[in-house]
Amino acid sequence: MLMKLRAGRRRLFDLLIRPARDYFYRRAADRLLGEMTQTAVRLNREDFHVFVEISGHVDNVTVRVFPGGWENDTAAQREIKILSGKLPGRGYYNKMKPRDLRNAIRLLIAMSDGIVVQE
């Protein structure tokens, strides 16, 4: 009986709740990606470079920051990857949430302002 109840709840989640949640996550992620890109463009300067890489064919996003600026000599630069993974609402095993995108935007702003952030 308990197994039937759990299976029924799981089916209910798969049929009703997950599609609605994923739709909400996708809408929020699309808006937050736009906000993140605008923030990255605004914060880029000679000594602080932000790379926002979006791979639409696999719904993946990566945000990298170069606090001293990007240079061709990769040994002399410091790279901090602050976000990497599948976009929210895309994929069954996806762990990223819209709040992760919001936190990445906040972290970008904090790093740009010179606030020391632990890696």
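For this chain, numbers begin at 1 and follow the sequence in order.
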Check N44, V65, L43 against H49 for a side chain to side chain contact (heavy atoms under 4.5 Å, CB included) and give me the one that passes. N44

Evaluate the ring planes of W70 and F51, with Trp represented by its six-membered ring, and classify them as parallel (under 30°), tilted (30 to 60°) or perpendicular (over 60°). tilted

D113 side chain to A110 main-chain N or O, any donor-acceptor pair under 3.5 Å? no

Residue pair R64 / T62, side-chain heavy-atom distance below 4.5 Å: yes

Residues at least two apart in sequence or cross-chain that pass side chain to side chain donor-acceptor pair (under 3.5 Å) with E46, listed by chain then number, are none

Heavy-atom closest contact (L32 atom, P98 atom, distance): CD1-O, 3.4 Å

Go through D47 and R45 one step at a time and tell me if the salt bridge (charged side-chain N to carboxylate O under 4.0 Å, His left out) criterion holds. CA-CA 6 Å; D47 64 341; R45 58 181 186 264; 2.9 Å; yes

Output, in order, the C-alpha distance, side-chain angles, deciding distance and verdict of side-chain contact (heavy atoms from CB on, under 4.5 Å) for I54 and N60. CA-CA 6 Å; I54 301 170; N60 199 22; over 6 Å; no

Any heavy-atom pair between the side chains of T39 and I109 that's under 4.5 Å? yes

Flag side-chain contact, heavy atom, 4.5 Å: M36 against L101: yes

Spacing of I105 atom CD1 and N103 atom CG [to the nearest 0.5 Å]: 9.5 Å

Walk me through it: do R42 and S112 pass the test side-chain hydrogen bond (donor to acceptor under 3.5 Å, both in side chains)? CA-CA 10 Å; R42 187 176 38 118; S112 168; over 6 Å; no

